[in-house]
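Read the structure below first, then the notes.
Note that these values count all heavy atoms, side chains included, but never hydrogens, waters or copies made by symmetry. Residue numbers start from 1 in every chain, and the chains themselves are labelled A, B, ... in the order their sequence lines are given, proteins ahead of strands.
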Amino acid sequence: MDIQQTITKTIAGAFRDLFDHAVDPDSLALQPTRKEFEGTYTFVIFPFLKITKSTPEASGEKLGAYLQKNLPEVSTFNVVKGFLNISLSSSYWMNLFQQLYEAKDHGRFPSKGKKVMVEYSSPNTNKPLHLGHLRNNFLGFAVSLILEAYGYEVIKSNLVNDRGIHICKSMVAYEKLGKGETPESSGLKGDHLVGKYYVLFDQEYKKQIRALTESGLEEAAAKKSAPWMKEAQDMLVRWEAGDAATIDLWKKLNGWVYQGFEETYRKMGVDFDQYYYESDTYLLGKDIVAEGLKKGVFFKKENGSVWADLSEEGLDEKLVLRADGTSVYMTQDMGTADLKYKDHHIEKSVYVVGNEQDYHFEVLFKIMRKLGRPYGNGLYHLSYGMVDLPTGKMKSREGTVVDADDLMAEMVATAREHTQELGKIEGFSQEEAEALYEILGLGALKYFLLKVDPKKRMLFNPQESIEFQGNTGPFIQYTHARIAAILRKAAQIDLDYSPAQFQGYATLEKAEESLIYQLDDYSNKVHLAAEELSPAVIAQYLFDLAKEYNRFYAELPIFSETKAAVQAFRVGLSAQVAKTIKSGMGLLGIVVPQKM
RNA sequence: GGUCCUGUAGCUCAACUGGAUAGAGCAACUGCCUUCUAAGCAGUAGGUUCCAGGUUCGAGUCCUGGCAGGAUCACCA
């Protein structure tokens, strides 16, 4: 039982003993005391005045005295208006710290024996990854790690959109203009090379539309009848028919793209346990349509098209099969949901997909529940907001995207400049220095994208580079490096900072208590982050922890401290902070350096 | 137009799910490197939490109605 439960249980006891009133301890909640007041936990009296039949102040005094008398952990208390602020004893803090210090894997929960799949990234194979994909990938990867720490077995999956009209556009343009160009001959990364032809298609296509509208055609008709669009559509038909030349071309271009993606994923530091390809899954789901018709979940219209009626759930009717019997997006996603379950028997399934698809997933999940799927209640859409530029939305065809590879390279370059300016690479080999720039640049970028609540859309201004000071990745990395320096020194002077050495340090400083409180809170934050699928919870926590540690670092001496017990304790406390920072940053997919 | 999301300091974001005087970072200003890493610490200044009602001991948070921005409402994906 943790201290909060102990306190609320005792408060319930006080209500019984002092006011003859039974209260469920679980209905009582404590909150952290605001830092301008003395105390660790605060109990709000107002709701219980009917029970105490007294003023808030008098009730608080009575409850406080009762706690102090009955709980050795409670050292003092004070009452401000209707708030009972509870202070805990140094021995409580010391005991708590020793528990944390000796625990292995603080912040890791026991296995739940349950599987969850996290699908993220899910790129199109017609263009390189951009800033929006970075948010998606970092989110998906971090959420996977957080769920794993929380005790799930996690399967990271990537559903690659490798077919369809948009892929055919790149193929048509390449066929027309490519002249056998390859990544080797052009010096372009495979995904960038294919992306180039996607842009070329669009430019030519627009030109054709303009020519047609100028010759008097309606715009809608021009879009349909432009020669290259017709070619792309023909290409799609040939692809679906399995035409050998088309398939060869498709395989060649996609192969280049995958090589490019692999490089980008490696740089980002993300990976996958399972790839799904839409070229394999796009025909799935038709059997589910038949099943839904039988179960009365779907109905057929006169023209033969099949629909789900969700009007009772506050939505409208949604098409699940075209009149000609071909699939739509929804059909395929129903099939893929079943496939994931068949492959892994997952109990939860998380889709990391932008909020523009909120409606689609709401419908999909409702349908799967109505069909009685065993995993139906474990479906989650981790819906994140778009990353906007000051000029508005990114458009890949209009060249206003922030390319993922470019941005990562820029971040590393900025880290290099910054570090060299500060003259912090003394004693680094060339390789070590480059590795550090990578760690810092990517740390800054990942933290920047993960610290914001996923569902909020965020602004990225390419003119203003991502910060390295304040609430940033490098600030937290720096705190870790500082502690690493302390631990190196401790090793150098053979300082023993095992718990036995702490004996004799009886009156902790406020800054030390706060740190222990924060360290203890880590597992709560992992729990919360897992429940809310929000790495931002961890990011915010780490910033607060690092901030608190730097305060401690500035205020209290370590090696110039004369009492051995105090010195050992402060090194131990520092070590625990470093361990927690490393663990938490690890959950965000961010590496921390030993020196910087 | 219907539905969903968002609106907090000049800017970027918090606020433990209804609690105290709404907090950080950046930018600005003032201090602190002869002591463990100054990518740091301490401080000053900055607010009608979009607006109007309501619910109650108490509302940035919940409800209703507006306003603003975004997304979505294809036999596209």
query: Just wondering, more than 12 heavy atoms not from A:Lys301 lying within 6.0 Å of its NZ?
result: yes
Exercise for the section: Could you tell me whether A:Arg163 sits above the aromatic face of A:Tyr282, with NZ or CZ closer than 6.0 angstrom to the six-membered ring centre and within 45 degrees of the axis? Expected result: yes
| message | Under 6.0 Å between ring centres: does that hold for A:His21 and A:Phe15? | response | no
Looking at the rings of A:Tyr198 and A:His166, which for Trp means the six-membered one, are their centres under 6.0 Å apart? no
> B:rA42 and B:rA24: how far apart are their C1' atoms, nearest whole angstrom?
Replying inline: 15 Å
Between OH of A:Tyr517 and C1' of B:rC16 the distance, given in whole Å, is 8 Å
Residue set satisfying side-chain hydrogen bond (donor to acceptor under 3.5 Å, both in side chains) with A:Ser327, at least two apart, ordered chain then number -> none
For B:rA71, the nucleotide meeting Watson-Crick or G-U wobble distances (both under 3.5 Å) is B:rU3
Notebook entry, point to check: Distance between the P atoms of B:rC50 and B:rA14, in whole angstroms?
Noted result: 14 Å
When rounded to whole Å, the CG to P distance for the pair A:Asn461 and B:rC13 reads 12 Å
Among the nucleotides B:rA77, B:rA24, B:rA20, whichever has the atom closest to the side chain of A:Tyr329 is B:rA77
Q. Do NZ/NE/NH1/NH2 and the carboxylate oxygens of A:Glu512 and A:Arg570 come within less than 4.0 Å?
A. yes
Aromatic ring proximity A:Tyr351/A:Tyr380, centre distance under 6.0 Å:
no
Exactly one of A:Phe46, A:Phe37, A:Tyr41 clears ring pair (Phe, Tyr, Trp, His ring centres under 6.0 Å) with A:Phe83, and that residue is A:Phe46
In whole angstroms, the gap separating C1' of B:rA77 from CG of A:Asn126 amounts to 11 Å
note: A:Leu49, atom CG; B:rU56, atom C1'; distance rounded to Å ~ 13 Å
Taking atom C1' in both B:rA71 and B:rA52, compute the distance separating them and give it to the nearest angstrom.
27 Å
Pairs under 3.5 angstrom, nitrogen or oxygen only, protein versus nucleotides 1-9 of chain B, please.
{"from": "B:rG7", "atom 1": "OP1", "to": "A:Lys456", "atom 2": "NZ", "distance (Å)": "3.2"}

Counting any heavy atom closer than 4.0 Å, what does A:Val44 reach on the DNA or RNA strands: base, sugar-phosphate only, or nothing? base
Separation of B:rG19 atom P from A:Phe48 atom CZ, nearest Å, is 13 Å
Rounded to whole Å, CG of A:Leu459 lies from P of B:rC26 at a distance of 19 Å
Q) Which value, in whole Å, describes the distance between the P atoms of nucleotides B:rA27 and B:rU34? A) 24 Å
Taking B:rC26, B:rC13, B:rA20 as options, the one with an atom nearest any side-chain atom of A:Val452 is B:rC13
Which of B:rC16, B:rA20, B:rA77 is nearest the side chain of A:Arg322? It is B:rA77
As its Watson-Crick or G-U partner within any shown strand, both distances under 3.5 Å, B:rG18 has none
| message | Could you check, using the six-membered ring where one of them is a Trp, whether A:Phe48 and A:Phe43 have ring centers closer than 6.0 angstrom? | response | yes
Exercise for review: May I ask you to say what A:Pro47 touches in the nucleic acid, namely base, sugar-phosphate or nothing, with a heavy-atom cut-off under 4.0 Å?
Suggested key: base
Readout for nucleotides 33-44 of chain B: B = base within 4.0 Å of protein heavy atom, S = sugar-phosphate only, - = neither; 5' to 3' it is ---BBSBSSS--
Over all strands shown, is A:Phe37 touching base, sugar-phosphate only, or nothing at heavy-atom distances under 4.0 angstrom?
base
Its glycosidic angle compared against 90° from 0, B:rC33 adopts the form syn
For A:Trp307 and A:Phe298, I'd like to know if the aromatic rings sit close, meaning centre-to-centre distance below 6.0 Å. no
Taking for A:Thr42 and for A:Pro454 the nucleotide of RNA chain B with the nearest heavy atom, the one nearer the 5' end belongs to A:Pro454
Quick one: are the ring centres of A:Phe569 and A:Tyr497 less than 6.0 Å apart?
-> no
Check: Between B:rG23 and A:Arg34, is there an OP1 or OP2 to side-chain N/O distance shorter than 4.0 Å?
Finding: yes
For A:Asp453, report the nucleic acid contact type (base, sugar-phosphate, nothing); a contact means any heavy atom under 4.0 Å. sugar-phosphate
- Looking at every strand, decide which applies to A:Asn161 at a 4.0 Å heavy-atom threshold: base, sugar-phosphate, or nothing. sugar-phosphate
B:rG65 -> Watson-Crick or G-U wobble partner, both distances under 3.5 Å, gives B:rC51
Reckon A:Lys35 touches a base, only the sugar-phosphate, or nothing at all at heavy-atom distances under 4.0 Å?
sugar-phosphate
The Watson-Crick or G-U wobble partner of B:rG40, with both key distances under 3.5 Å, is B:rC32
**Report entry** Between A:His360 and A:Tyr329, ring centroids under 6.0 Å
**Finding:** yes
Note to self: Measuring only the C1' atom in each nucleotide, how far is B:rU55 from B:rA74? A whole number of Å is fine.
What the structure shows: 43 Å
Taken to the nearest whole Å, CG/A:Asn124 to P/B:rC76 is 17 Å
Residue pair A:Phe543/A:His166 against RNA chain B: nearer the 5' end by closest nucleotide is A:Phe543
From CH2 of A:Trp239 across to P of B:rA77 the rounded distance in Å is 13 Å
Answer for the Watson-Crick or wobble partner of B:rG60, both distances under 3.5 Å, is none
Angle between ring planes, A:Trp239 versus A:Trp250, binned at 30° and 60°: parallel, tilted or perpendicular? perpendicular
query = In whole Å, what separates the P atom of B:rU8 from that of B:rC62?
reply = 15 Å
Using atom P of each nucleotide, how far apart are B:rG23 and B:rC16 to the nearest Å? 13 Å
Pairing partner of B:rC13, by Watson-Crick or G-U wobble and under 3.5 Å for both distances, is B:rG23
Which of B:rG25, B:rA71, B:rG19 is nearest the side chain of A:Asn471? It is B:rG25
Roughly how far apart, to the nearest Å, are B:rU30 and B:rU48 at atom P?
27 Å
